[in-house]
Number of protein chains: 2
Amino acid sequence: MPRKINLTEKIGQLRAFYEQEGRAPSYAEMAELFGYRSKNAVYGPVQKLLEYGYMEKSRNGRLVLTTKVTGSIKLLGTVQAGFPSPAEEELADTINLDEFLVARPEATYLLTVSGDSMIDAGIHPGDIVLVEKGGVPKKNDIVIAQVDGEWTMKYFGKDRTGVYLDPANANYSRIRPERSLAIGGIVKAVVRKY
Amino acid sequence: MPRKINLTEKIGQLRAFYEQEGRAPSYAEMAELFGYRSKNAVYGPVQKLLEYGYMEKSRNGRLVLTTKVTGSIKLLGTVQAGFPSPAEEELADTINLDEFLVARPEATYLLTVSGDSMIDAGIHPGDIVLVEKGGVPKKNDIVIAQVDGEWTMKYFGKDRTGVYLDPANANYSRIRPERSLAIGGIVKAVVRKY
DNA sequence: CTTGAAACTGTACGTTCGTTCAGTTATATA
DNA sequence: TATATAACTGAACGAACGTACAGTTTCAAG
């Protein structure tokens with residue numbers, strides 16, 4: 001039987017290297033990083049890392065680290081089921097919030113929320129919304145819209161009469177555009193920072 | 001007077017390269033990317049890009065792109081003031097949500113919220129919270145805590161009697177740990193994806 | 001038009017890159 | 001203990017790398 005190679009440890013070392021250098025190590029650097037005396041020795045582990053999606057090969061043969069290594073947030077397997085104990089450490093992939101939240105980077109921008117018209121949807125003043133331009137809004141999507149010249153954030157809706165916009169706040173009421181309606185984008189995510 | 005070089009265009013080209021290759025281009029690749037016939041010609045622009053923080057030099061002389069290029073969300077200058085028109089395009093740096101939200105990557109993990117005990121704070125079931133371990137909670141911080149053996153998310157508080165935990169839901173009431181209290185972490189951000 | 005400064009070209013050099021190959025070492029199973 | 005298998009070493013190769021330098025082109029100010 002072949003010897004066992006500890007991938008988890010190497011992933012941690014790659015993570016440390018990336019945090020310092022901002023790039024993937026070369027084969028020679030990996031040899032040093034992993035404690036080999038020959039850079040040829042890393043070909044095995046690299047093959048495994050490629051297979052499991054921790055790195056990819058760029059067009060010129062150079063290696064590139066993926067989100068599973070470069071992401072900044074640990075993804076704990078037990079998160080969903082219960083709360084992980086603070087003692088629980090080690091391994092686990094990392095995730096990148098951008099890739100998680102942003103589908104079309106070139107069409108996405110941020111807005112800081114002002115006003116409380118969507119507060120019953122859990123969107124508070126000061127929150128940040130990720131808005132994606134160019135899509136076609138469906139019923140109950142939250143949209144950024146310019147109604148009769150004024151920008152607002154509302155639930156999108158449509159019926160026989162036409163398009164309407166609903167607030168998520170009992171103090172405001174449904175809006176029906178009289179002259180013009182422009183959709184600035186669809187709200188894809190809300191972020192609140194404490 | 002020297003000729004003017006268009007940095008904005010080059011940043012866009014770098015962004016496109018990074019999106020495809022997942023790494024920074026070499027000097028030769030930059031020459032091709034920017035339309036120069038000599039890779040020496042890129043030294044000027046690179047100097048500017050370094051100066052303005054769009055790239056950095058790694059230890060071995062290789063270039064590394066920064067968040068301003070690799071980030072996935074456009075940062076529009078006019079966001080705060082009004083809503084940007086969908087037509088508005090071009091330039092502007094990009095931002096990376098991870099760097100924006102996560103201060104200590106090695107101590108941060110994600111939790112999916114279950115239950116409605118924090119709903120009045122705009123934290124709904126299914127939302128994702130970023131939890132940072134190891135800090136000392138202050139009054140009104142939202143914490144993940146294990147009280148008498150059970151994990152909950154609550155507002156943290158302290159008075160003469162000791163530590164207490166407040167829900168953000170009128171249907172629940174203040175909790176005072178009777179036997180044990182363990183702080184699993186402090187909630188640093190809330191993310192909701194639609 | 002003249003001129004000077006910067007942008008740009010083309011070439012060269014030593015280093016590091018990814019890759020290959022022959023040979024050695026280590027270890028789990030028989 | 002013997003042995004097969006994979007891990008690992010060390011050396012070699014052409015290609016690509018970052019850097020340096022001398023020379024040419026470009027363009028705006030005088």
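Below, chains carry the letters A, B, ... as their sequence lines are ordered, and counting in each starts from 1.
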Are any protein N/O atoms closer than 3.5 Å to N/O atoms in nucleotides 13-17 of chain D? If there are, list each pair with its distance.
unit_1	atom_1	unit_2	atom_2	d
D:dC17	OP1	B:S26	OG	3.0

In whole angstrom, what separates [X]'s [atom1] from [N]'s [atom2]?
| X | N | atom1 | atom2 | answer |
| --- | --- | --- | --- | --- |
| B:K10 | C:dA7 | NZ | C1' | 11 Å |
| A:M30 | D:dA7 | CE | P | 16 Å |
| A:E32 | C:dT16 | CD | P | 12 Å |
| A:Q47 | C:dG18 | CD | P | 14 Å |

Of the nucleotides [options], which has the atom closest to the [X] side chain?
| X | options | value |
| --- | --- | --- |
| A:K57 | D:dT9, D:dT19, C:dT19 | C:dT19 |
| A:Y43 | C:dT9, D:dT9, C:dG18 | C:dG18 |
| B:Y36 | D:dG10, C:dG10, C:dC8 | C:dC8 |

Which residues pass the side chain to side chain contact (heavy atoms under 4.5 Å, CB included) test with [X], sequence neighbours left out?
| X | result |
| --- | --- |
| B:E99 | B:T67, B:N96 |
| B:L101 | A:L97, A:V191, A:K193, B:L130, B:A189, B:V191 |
| A:Q146 | A:W151, A:A182 |
| A:R179 | A:D148 |

Fill in: Partners passing salt bridge (Lys or Arg N to Asp or Glu O under 4.0 Å) against A:R192 (at least two apart in sequence or in another chain)
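A:R192 satisfies salt bridge (Lys or Arg N to Asp or Glu O under 4.0 Å) with A:D127 once adjacent residues are dropped.
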Worksheet item: When you match B:G35 and A:P25 each to their closest nucleotide on DNA chain C, which lands nearer the 5' end?
Response: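 Here B:G35 is the residue nearer the 5' end.
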Fill in: Pairing residues for A:Y27 by the ring-ring contact (aromatic ring centres under 6.0 Å, His included) criterion, not counting sequence neighbours
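Counting only residues at least two positions away or on another chain, A:Y27 forms a ring-ring contact (aromatic ring centres under 6.0 Å, His included) with A:Y43.
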List every contact pair, protein side and nucleotides 22-24 of chain C side both N or O, where the distance is under 3.5 Å.
none

Discussion item. Is there a side-chain contact between B:K133 and B:I144 in this structure, where contact means two heavy atoms from C-beta onward sitting under 4.5 Å apart?
Written reply: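 A side-chain contact under 4.5 Å is absent here.
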Worksheet item: Which pairs pass ring pair (Phe, Tyr, Trp, His ring centres under 6.0 Å) with one or both residues in residues 154-194 of chain B, sequence neighbours excluded?
Response: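 Output for this query is empty, none listed.
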Worksheet item: In a check of side-chain contact (heavy atoms from CB on, under 4.5 Å) between A:K154 and each of A:I142, A:D166, A:I175, A:V147, which one passes?
Response: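 Among A:I142, A:D166, A:I175, A:V147, the one that satisfies the side-chain contact (heavy atoms from CB on, under 4.5 Å) with A:K154 is A:I175.
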